[in-house]
Amino acid sequence: MIENSRIKLSRIGIIITILLTPIMIFLFGICLPKLPSSNILHDAFWADKISNSKKYDIVVIGDSRIYRGINPLIISQITASKTVNYGFSAAGLDSSLIYSALEQLDTNGKKIAVFGITPSAFTQEASKNEHFKSLKRISDKDLWIRKNIYPFLGGFNSYSLSEIKKAFNHEAYYQDCQADGFIYSYKVPSDSMAAINSYIDYFKRTSISELQQSNFLDLIKKLESKGIKCFAFRVPVSLPMATLESKIFDFETFKIKLESAGAHWISIPQNGFNSYDGSHLTGPSANKLSRILGDSILNYH
């Protein structure tokens, strides 16, 4: 009898546990702070970007300042031309990235390539294009899962203690993955000096390559000869960052060489924008830059 009672109690305990577990998980989930961005949705975003089969009139190419700084939807609306953002983290403007970007262009479309020029885009380190190439190595099966399954799993993100701590301290890095390769971003609190020291260290570790610049300019000539209209511009940053980069990269001389190669240089004002870390624009400033860029392309193409 005693043994039967214990078995009954054990069964009741198991049933109660089974019933209460989802309730406890739900209540725990409610108590957790909402994450400012989703790693799962980020994976879906990059998978879609690297395997996008759509065709466009305009492709904007560059590093993280591009994918966080250029909203293709705004350019599309202004120019009446389908636009895609082909920016990747720490990207170098080498032939592997550029030719991959050009595959996005409709051969019967306007065929416009826009390049975001940053000093780091011509360094030995950036020429490795590690982020871009790592995405290229993902299998077709994994890409399909990330593109088609992950968007439905955005609420199932893992939490770290540091993220929970930041949330309670009202610190957050908001990253909203949007259509056609753009991530609307901002930080709370923002700090326009945050990235300065890391860039100083970066340029101590790697150098700007004259060969990389020469190869890029030669490629521009080839593209122009094939009927691809090329534009380039300096991506706005904070004043301290602009001062740092102007010391190590001669933008005026590069502009002259670029125009001699056949591209059109778009003069973007370097003030009037907000950067949340000194290097990347806030979402509203990214939209502002996109409007200026769209107007410029409309005027010159």
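We use all heavy atoms of the structure for the numbers below, so side chains are in, but hydrogens, waters and symmetry mates are not.
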| query | Donor-acceptor pair, Lys288 side chain versus Gly272 backbone, under 3.5 Å? | reply | yes
| Are any of the side-chain heavy atoms of Phe273 and Ile292 separated by less than 4.5 Å? | yes
| Backbone N/O of Tyr199 and side chain of Lys204: donor-acceptor pair under 3.5 Å | no
| message | In this structure, would Ile61 and Val235 fall into the same cluster of hydrophobic residues linked by side-chain contacts under 4.5 Å? | response | no
| Under a 4.5 Å cut-off applied to non-hydrogen side-chain atoms, are Tyr150 and Ile145 in contact? | yes
| remark: Exactly one candidate in Thr83, Asp57, Val84, Ile58 meets side chain to side chain contact (heavy atoms under 4.5 Å, CB included) with Gln104; the answer is Val84
Show which side-chain atoms of residues 241-260 pair as donor or acceptor with protein atoms under 3.5 Å away, not counting sequence neighbours.
{"residue": "Thr243", "atom": "OG1", "partner": "Leu239", "partner atom": "O", "Å": "2.9"}
{"residue": "Glu245", "atom": "OE1", "partner": "Arg65", "partner atom": "NH1", "Å": "3.1"}
{"residue": "Glu245", "atom": "OE2", "partner": "Arg65", "partner atom": "NH1", "Å": "3.2"}
{"residue": "Glu245", "atom": "OE2", "partner": "Arg65", "partner atom": "NH2", "Å": "2.7"}
{"residue": "Ser246", "atom": "OG", "partner": "Arg234", "partner atom": "NH1", "Å": "3.3"}
{"residue": "Ser246", "atom": "OG", "partner": "Arg234", "partner atom": "NH2", "Å": "3.1"}
{"residue": "Ser246", "atom": "OG", "partner": "Ala242", "partner atom": "O", "Å": "2.9"}
{"residue": "Asp250", "atom": "OD1", "partner": "Glu252", "partner atom": "N", "Å": "3.3"}
{"residue": "Asp250", "atom": "OD1", "partner": "Thr253", "partner atom": "N", "Å": "3.1"}
{"residue": "Asp250", "atom": "OD1", "partner": "Thr253", "partner atom": "OG1", "Å": "3.3"}
{"residue": "Asp250", "atom": "OD2", "partner": "Thr253", "partner atom": "OG1", "Å": "2.6"}
{"residue": "Ser260", "atom": "OG", "partner": "Ile256", "partner atom": "O", "Å": "3.0"}

| query | When you check the side-chain N and O atoms of Ser76 and Lys82, is any donor under 3.5 Å from an acceptor? | reply | no
| query | Taking only residues two or more places apart in sequence, or in another chain, which ones meet Tyr56 in a ring-ring contact (aromatic ring centres under 6.0 Å, His included)? | reply | none
| field | N-O pairing of Glu130 and Lys133 below 4.0 Å | value | no
| query | Is it the case that one hydrophobic cluster holds both Leu105 and Phe231, taking links as side-chain heavy atoms less than 4.5 Å apart, direct or via other members? | reply | no
| query | Heavy atoms, side chains only, cut-off 4.5 Å: are Val114 and Phe233 in contact? | reply | yes
| So, do His42 and Gln175 sit near enough that their side-chain heavy atoms are less than 4.5 Å apart? | yes
| request: Kindly say whether Ala91 contributes a backbone atom to a donor-acceptor pair with the side chain of Lys128 at under 3.5 angstrom? | output: no
| message | Asn287: which residues meet the side-chain hydrogen bond (donor to acceptor under 3.5 Å, both in side chains) condition with it, sequence neighbours left out? | response | Asn71
| task | Can you establish whether the number of heavy atoms outside Asp201 located under 6.0 Å from its atom CG is more than 12? | result | yes
| said: Trp46 vs Tyr67, test: ring pair (Phe, Tyr, Trp, His ring centres under 6.0 Å). Steps then yes/no. | reply: CA-CA 11 Å; Trp46 289 114; Tyr67 75 73; 4.9 Å; yes
| said: A side-chain contact here means heavy atoms from C-beta on lying under 4.5 Å apart; do Phe88 and Ile50 qualify? | reply: yes
| query | Are Asp277 and Ser279 linked by a side-chain donor-acceptor pair shorter than 3.5 Å? | reply | no
| request: Would you please say whether a donor-acceptor pair under 3.5 Å links the side chains of Ser275 and His280? | output: no
| Do side-chain atoms of Asp94 reach the backbone of Leu97 as a donor and acceptor pair under 3.5 angstrom? | yes
| Stacked cation flag Lys187 on Tyr174, 6.0 angstrom / 45 deg | no
| field | Set of side-chain hydrogen bond (donor to acceptor under 3.5 Å, both in side chains) partners for Ser192, sequence neighbours left out | value | none
| query | Do Leu93 and Leu293 belong to the same hydrophobic cluster, where Ile, Leu, Val, Met, Phe, Trp and Tyr are linked whenever their side-chain heavy atoms lie under 4.5 Å apart, directly or via other members? | reply | no
Report, one line per pair, each donor and acceptor closer than 3.5 Å where one atom sits in a side chain of residues 115-124; sequence neighbours left out.
{"residue": "Thr118", "atom": "OG1", "partner": "Asp63", "partner atom": "OD2", "Å": "3.0"}
{"residue": "Thr118", "atom": "OG1", "partner": "Ser120", "partner atom": "OG", "Å": "3.3"}
{"residue": "Thr118", "atom": "OG1", "partner": "Ala121", "partner atom": "N", "Å": "3.4"}
{"residue": "Thr123", "atom": "OG1", "partner": "Ser120", "partner atom": "O", "Å": "2.9"}
{"residue": "Thr123", "atom": "OG1", "partner": "Ala126", "partner atom": "N", "Å": "3.1"}
{"residue": "Thr123", "atom": "OG1", "partner": "Tyr202", "partner atom": "OH", "Å": "2.7"}

| query | Taking atom types as modelled and ignoring hydrogens, do the side chains of Tyr276 and Tyr173 form a donor-acceptor contact shorter than 3.5 angstrom? | reply | yes
| query | Do Ile297 and Ile228 share a hydrophobic cluster, counting only Ile, Leu, Val, Met, Phe, Trp and Tyr and linking them when any side-chain heavy atoms are less than 4.5 Å apart? | reply | no
Acceptor/donor pairs from residues 212-224 side chains to any protein atom, 3.5 angstrom cut, sequence neighbours excluded:
{"residue": "Asn215", "atom": "ND2", "partner": "Leu211", "partner atom": "O", "Å": "3.4"}
{"residue": "Glu224", "atom": "OE2", "partner": "Cys230", "partner atom": "N", "Å": "2.8"}

| query | Do Ser285 side-chain atoms and Thr282 backbone N/O form a donor-acceptor pair below 3.5 Å? | reply | no
| request: Please check if Phe203 and Val237 belong to a single hydrophobic cluster, counting links between Ile, Leu, Val, Met, Phe, Trp and Tyr side chain heavy atoms closer than 4.5 Å. | output: yes
| task | Determine, stepwise, if the pair Phe132 / Ser100 fulfils side-chain contact (heavy atoms from CB on, under 4.5 Å). | result | CA-CA 10 Å; Phe132 167 70; Ser100 181; 3.6 Å; yes
| message | Do Ser51 and Lys147 have side chains that approach each other closer than 4.5 Å (heavy atoms only, starting at C-beta)? | response | yes
| query | So, the side chain of Asn52 versus the backbone of Asp48: is there a donor-acceptor pair under 3.5 Å, distance only? | reply | no
